[in-house]
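Numbers restart at 1 for each chain; the letters A, B, ... are given by sequence-line order, proteins then strands. All values below come from the heavy atoms of this structure, side chains included, with hydrogens, waters and symmetry mates left out.
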Protein chains: 2
Amino acid sequence: MISKKDIPCFENPLGKAMGIITKNYWGALSKKLEHIGIDRHFTTMAAIAQAKEKCTQQYLSDLLAVDKVHMVRVLDYLVSHGMITRTVNPLDRREHIIKHTAKAKKIMPVIQNGIAEMNKTAFKGFNTKEKELFNGFVETIILNLKNLPVNEVDIKIKK
Amino acid sequence: MISKKDIPCFENPLGKAMGIITKNYWGALSKKLEHIGIDRHFTTMAAIAQAKEKCTQQYLSDLLAVDKVHMVRVLDYLVSHGMITRTVNPLDRREHIIKHTAKAKKIMPVIQNGIAEMNKTAFKGFNTKEKELFNGFVETIILNLKNLPVNEVDIKIKK
DNA sequence: AAAACTAGTTAACATTGTTTACTGTTAATA
DNA sequence: TATTAACAGTAAACAATGTTAACTAGTTTT
């Protein structure tokens, strides 16, 4: 019987973990929250809630590492669901300032709790030191892979 | 200045790491390999190469945690690029046996090297013990989140 | 023989990501 | 000042992925 350990891409288990997180936890949260008004884009909602400076679309794109074209659609979704307003910045009329509506402010605790619950469940059994260790590992992996130029990957075919 | 640490969903950094892996490393590998014949579905290729029992579509779906409908399209892609053959199993004519073509066998070392390179880059600076520790953490997180019933997530709105 | 199950396919649709081209606004500079 | 470059956001088109439902064909169960 083949196991996933025999497939080299699964030696790095990040992909597997991510799939399970997405399917199980975000999925569960989505179903819970669709009755309240939205069923996705929770991280964008959280980012808007906690933005400490002027919250433009470009700012959100950079923060969440999402293409600005896609961000337009995310924000269209949130506008159409009554969660945010877009206002032109009078100081720089190119910019749109994103703000939560009253409705959004009301449901933010639910989203925050949901996200907190996800983290609590994911790290069940970890003590503080282990959690820090894990986060450090991930930070290192991110640095190892960040800004990897396409041309640096150079693999030759064996004859 | 808001940092990603202020957004609770980023306290669990798996999502962030996964995005970087996908964009940088798989992206780089894709560009390298498109000249050889394919630019995606490398994990499926690796799984087929190392399958130790009869390699049906259902088997691959289960192993790679991919929907069987999507698997049809992945295999259509690989057939159309001359990488695999589909043969009806004479012992059970419902099943299709997936096998690599000669062309695929030729490029598999490139894919294997690419994947190995990804792991090497990602874990640069890790010693064996740290790598094992990290993998153990990920296994625990996977177990923590696996089969999480949708109904178990129960969050109440604060008034 | 009928019913239930399994493997795979097809079609339709939604979401996400990417590219290109575009409008309008602001900043840089010659 | 006039021109050019840069920036924020939008629109349209398209590809890739994920999901559901309905379907064919073959196998197993009863």
Side-chain angles (χ1 to χ4, degrees), chain A residues 15 18-24 26-28 30-31 34 38-44 48 51 53-81 84-99 150, chain B residues 15 18-24 26-31 33-34 38-44 48 51 53-81 84-99 150:
Chain A
M18 219 18 231
I20 291 163
I21 289 171
T22 306
K23 284 203 181 169
N24 286 318
W26 286 114
S30 296
K31 295 220 165 163
E34 66 187 3
I38 51 173
D39 65 352
R40 53 188 181 281
H41 305 314
F42 307 126
T43 60
T44 304
I48 295 166
E53 51 181 84
K54 67 175 179 179
C55 184
T56 64
Q57 299 190 193
Q58 190 62 57
Y59 168 77
L60 288 171
S61 293
D62 293 341
L63 185 64
L64 301 171
V66 163
D67 190 88
K68 70 172 182 169
V69 177
H70 179 51
M71 187 51 73
V72 169
R73 285 191 297 212
V74 171
L75 296 177
D76 284 347
Y77 173 91
L78 292 176
V79 167
S80 73
H81 287 71
I84 60 162
T85 56
R86 263 193 269 232
T87 323
V88 171
N89 181 5
L91 299 172
D92 184 338
R93 294 182 49 76
R94 292 173 300 184
E95 295 177 343
H96 289 188
I97 304 293
I98 307 302
K99 283 205 178 113
V150 170
Chain B
M18 219 19 231
I20 291 162
I21 289 171
T22 306
K23 284 202 180 168
N24 286 320
W26 286 114
L29 194 53
S30 296
K31 296 219 165 164
L33 295 185
E34 67 187 2
I38 51 173
D39 64 352
R40 53 188 181 282
H41 305 313
F42 306 126
T43 61
T44 304
I48 294 165
E53 52 180 82
K54 66 176 181 182
C55 184
T56 64
Q57 299 190 193
Q58 190 61 57
Y59 168 77
L60 289 171
S61 293
D62 293 341
L63 185 64
L64 300 171
V66 163
D67 190 88
K68 69 172 182 172
V69 179
H70 179 51
M71 187 50 73
V72 170
R73 285 191 296 213
V74 171
L75 297 177
D76 284 346
Y77 173 91
L78 291 177
V79 168
S80 73
H81 287 71
I84 60 162
T85 56
R86 264 193 268 233
T87 324
V88 172
N89 181 6
L91 299 172
D92 185 339
R93 295 181 47 76
R94 291 172 300 182
E95 294 178 344
H96 289 189
I97 305 293
I98 308 301
K99 284 203 176 113
V150 170

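With rounding to whole Å, A:Leu91 atom CG is found 16 Å from C:dA27 atom C1'. To the nearest angstrom, P of C:dT18 lies 10 Å from NZ of B:Lys31. Rounding to whole angstrom units, CD of residue A:Gln58 and C1' of C:dT25 are separated by 15 Å. Atom CG of B:Asn89 is separated from atom P of D:dT27 by 9 Å (rounded to the nearest Å). In this entry the distance linking CD1 of B:Ile97 with P of C:dG8 reads 8 Å, nearest Å. Taking atom CG on B:Leu64 and atom P on D:dT17, their separation rounds to 13 Å, with Å as the unit. The CZ-P distance, from B:Phe42 to D:dA16, rounds to 13 Å in whole Å. In this structure, B:Asp76 atom CG and C:dA11 atom P are separated by 11 Å, rounded to whole Å.
Put simply, A:Arg73 has no side-chain N or O that comes within less than 4.0 Å of OP1 or OP2 on D:dA11. For B:Gln57 and C:dT9, the shortest distance from a side-chain N or O to OP1 or OP2 is below 4.0 Å. At the phosphate of C:dG8, neither OP1 nor OP2 sits under 4.0 Å from any side-chain N or O atom of B:His96. In this model, the phosphate group of C:dT15 is not approached by any side-chain N or O of A:His41 to a distance below 4.0 Å at OP1 or OP2.
The side chain of A:Val69 has D:dA12 as its nearest neighbour among D:dA12, D:dT27, D:dT20. Out of D:dG9, D:dT27, C:dA27, the shortest distance to the side chain of B:Arg93 is found at D:dT27. Of the candidate nucleotides C:dT6, D:dT19, D:dA8, D:dA8 has the atom lying nearest to any side-chain atom of A:Glu95. When the nucleotides D:dG18, C:dT6, C:dT19 are ranked by their closest atom to the side chain of B:Arg94, C:dT6 comes out on top. Of the listed nucleotides (D:dG18, D:dG26, C:dG8), C:dG8 has the atom at the smallest distance from the side chain of B:Thr56. Of all nucleotides listed (C:dG24, C:dT9, D:dG18), C:dT9 comes nearest to the side chain of B:Arg86.
Both A:Arg40 and A:Pro90 lie near DNA chain C, and the one whose nearest nucleotide falls closer to the 5' end is A:Arg40. Positionally, the nearest nucleotide of DNA chain C for B:Asp92 lies more toward the 5' end than for the other of B:Asp92 and A:Tyr77.
A donor-acceptor distance shorter than 3.5 angstrom exists from the side chain of B:Ser30 to the backbone of B:Asp39, with no hydrogens or angles considered.
B:Leu78 contributes atom CG, which lies 9.0 Å from atom CZ of B:Arg86 (distance to the nearest 0.5 angstrom). One finds the OG1 atom of A:Thr43 at 6.0 Å from the CH2 atom of A:Trp26 (value rounded to the nearest 0.5 Å).
Ring geometry, B:His70 versus B:His41: the interplanar angle exceeds 60°, so the pair is classed perpendicular (tilted spans 30 to 60°).
Taking 4.5 Å as the limit, every side-chain heavy atom of A:Asn89 sits out of range of all side-chain heavy atoms of A:His96.
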